[in-house]
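For reference, the structure is listed below as structure tokens.
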Amino acid sequence: MVGSGINPVKAPVVRRGSLTSLPAAVAQRPAWRFLILAEIANFAAVRRYLGCARSDLLVADVSSRLSQAAPDVRLTVVGRTTLELAFEGADAGELDQTLDLLRGACEEQFVLDGEIYALEICFGAAAGPAAHLDEVRLVEEAEAALAEARAAHMPVRHDVAGFDARESRSLARELKLAIAEDQLFLAYQPKIHVRRQEIGSAEALVRWQHPSRGLILPGDFIGVAEDGGLIDQLTIWTIERAIKDQRRLLAAGHDLRIFINISGQLLGDQAFVDAACHMVAEADAKLGFEVTETSVIRDPASAIANLQRFADIGIVIAIDDYGAGLSSLAYLKQLPARELKIDKLFVTQLTSSNRDPLIVRSTIDLAHALEMEVVAEGVETHAALALLTVMGCDMVQGFLISRPISLEALTTFLDEDRHHFVSQDSRATFNTLATAWKRG
Ligand code: C2E
Ligand code: CA
Ligand code: CA
């Protein structure tokens, strides 16, 4: 179909926004998360010419070329004409390099049954700092970049910057006041125990109701608190509030363990560890601490000793974001952890990628061999829940069950046993998937 009016692929133009620097605390994790949306812009014309089934062969051809050009990227076909490519990297420039490779791979014409097709493939891309990245925002930026790429006929990149350096400094000053004036609050996200069909714990996630900026999510201020030496005060505030909220939950008839996120730098801070142990022991609170593996790698001896102190007073240790950073079996074995949380990156892709189910399944087996329970975070669909259940995952957490909600909303959620509706809806999906997965 030479000369069908379908334009060839154009040269890329990369647009950069300002970038925030990474806090030292996360320097060892992949620093950047990238998302590329590739769309066949002239697909409608091609399909009119070829029909549905045969034009889908061209989409499959594009998909295989892109995955050959960038084999480490997780590729998913979303919708009829769009491919989603997700990956991580140490350097922001890796996105441009991958975009070049992908564009290069599409330069050669596509051939179907001896006829040549010039597909116009648009690339919209987004990059964001991996630590505390707001995933929804990454997707929104990639979609916005794709819309621009469509109009401009060239690849467009957006960088998710969060607050810039000047704003971060002023946020740090305001955060000190916010902690003192109770502008922070906790949202709770329940975890369901799959076999027991019950909610035994919830994760506390901090939010900042800023008087003039509105609601600020932790992705935009935890790094600021870590860099500005405020993370200890913030976390002490969080533990105090969680202890109070736990008492209110208990009074309403709900006995839940509350998990709190602990930044890596606090595991080497003796004053913080002493204060936290004192508060928890005195209140006889039923808490858990979520820590990432990388927070241990920085100073293993003192981090492991402090985690052991927490465990000794009954705090359950959970390894957060497993798989997202440098995973080291050597450390994993030494940690007094009872739970392993598989990073939501793997879970959200579970039913759409070939690689992730294997990673998740082997992680579950590994954790069980180490006598840990496994939590899958980021469970958004019934299909993912069903697959995780078949794989033997112990607990699940994610938007499918509940978004992070206020203490009042959590109480109502528990009063009404709402999680049962989720599991009932999943049963049909479960039966289909269980059969398919067991077959092979
Ligand atoms: P995290 O510990 O990995 O927390 C889970 C994040 O994923 C939360 O974002 C939650 O809203 C989001 N999430 C939950 N379910 C789903 C799902 O099904 N799909 C998707 N796409 N996302 C889901 P949030 O609340 O914005 O928190 C971001 C990060 O901020 C947390 O990641 C944690 O690392 C950090 N953080 C939150 N609270 C605290 C805190 O009190 N102290 C410290 N040091 N860090 C905190
Ligand atoms: Ca967490
Ligand atoms: Ca996590």
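Counting starts at 1 for both ligands and their atoms, in listed order.
Counting just the N/O/S atoms of E203, the one with the shortest distance to the Ca ion (ligand 2) is named OE2.
At a threshold of 4.5 Å between non-hydrogen side-chain atoms, the residues F87 and T98 count as touching. Taking the side chain as every heavy atom from C-beta outward, L256 and Q246 never approach each other to under 4.5 Å. Counting only heavy atoms from C-beta outward, the side chains of R157 and I36 never approach each other to under 4.5 Å.
Relative to atom 1 (P) of ligand 1, the option among E203, E290, Q189 with the closest non-hydrogen atom is E203. The closest heavy-atom contact to atom 18 (O) of ligand 1, among the options F221, F399, W237, comes from F399.
Residues V347 and A384 approach most closely at O-CB, 4.4 Å, considering heavy atoms. In terms of heavy atoms, A311 sits closest to P336 at CB-CB, 4.1 Å.
No hydrogens or angles considered: nothing links the side chains of D232 and Q265 as a donor-acceptor pair under 3.5 Å.
For ligand 1, the atoms lying closer than 4.0 Å to a non-hydrogen atom of E377 are 3 (O). Within ligand 1, the atoms closer than 4.0 Å to a non-hydrogen atom of S263 are 44 (N), numbered from 1 in the order shown. Close approach of ligand 1 to D321 is summarised as follows: ligand atoms under 4.0 Å from at least one heavy atom of the residue are 3 (O). Interface atoms of ligand 1 facing P404, defined by a heavy-atom separation under 4.0 Å, are 11 (O).
With rounding to the nearest 0.5 Å, the separation of OG1 in T235 from CD in Q233 is 10.0 Å. Interatomic distance, CG of D72 versus CD of E88, reported as 10.5 Å (0.5 Å rounding).
A 6.0 Å sphere centred on CD of Q270 holds more than 12 heavy atoms belonging to other residues, nucleotides or ligands. R150 CZ: more than 12 foreign heavy atoms inside a 6.0 Å radius. Within a 6.0 Å radius of NZ in K286, other residues, nucleotides and ligands contribute more than 12 heavy atoms.
Ligand 1 has no N or O atom lying under 3.5 Å from any N or O atom of T348, backbone or side chain. Looking at Q397 next to ligand 1, no N or O pair under 3.5 Å apart turns up. Not a single N or O atom of P218, backbone or side chain, sits closer than 3.5 Å to an N or O atom of ligand 1.
Neither the backbone nor the side chain of R403 has a heavy atom within less than 4.0 Å of ligand 1. Under 4.0 Å from ligand 1, the heavy atoms of I222 that appear belong solely to its side chain. Using a 4.0 Å cut-off between heavy atoms, D343 makes no contact with ligand 1 at all.
The shortest heavy-atom distance from T235 to ligand 1 is not under 4.0 Å.
Below the 3.0 Å limit, the Ca ion (ligand 3) has as protein N, O or S neighbours D320 OD1, D321 OD1, E377 OE1, E377 OE2.
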Show me, pair by pair, the donor-acceptor contacts under 3.5 angstrom made by side chains of residues 399-415, not counting sequence neighbours?
from : atom 1 : to   : atom 2 : distance (Å)
S406 : OG     : A409 : N      : 3.1
E408 : OE2    : R248 : NH2    : 3.1
T411 : OG1    : L407 : O      : 2.7
T412 : OG1    : E408 : O      : 3.0
D415 : OD1    : H254 : NE2    : 2.7

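For the side chain to side chain donor-acceptor pair (under 3.5 Å) with Q397, the qualifying choice from K191, E377, K341 is K341, the only one to do so.
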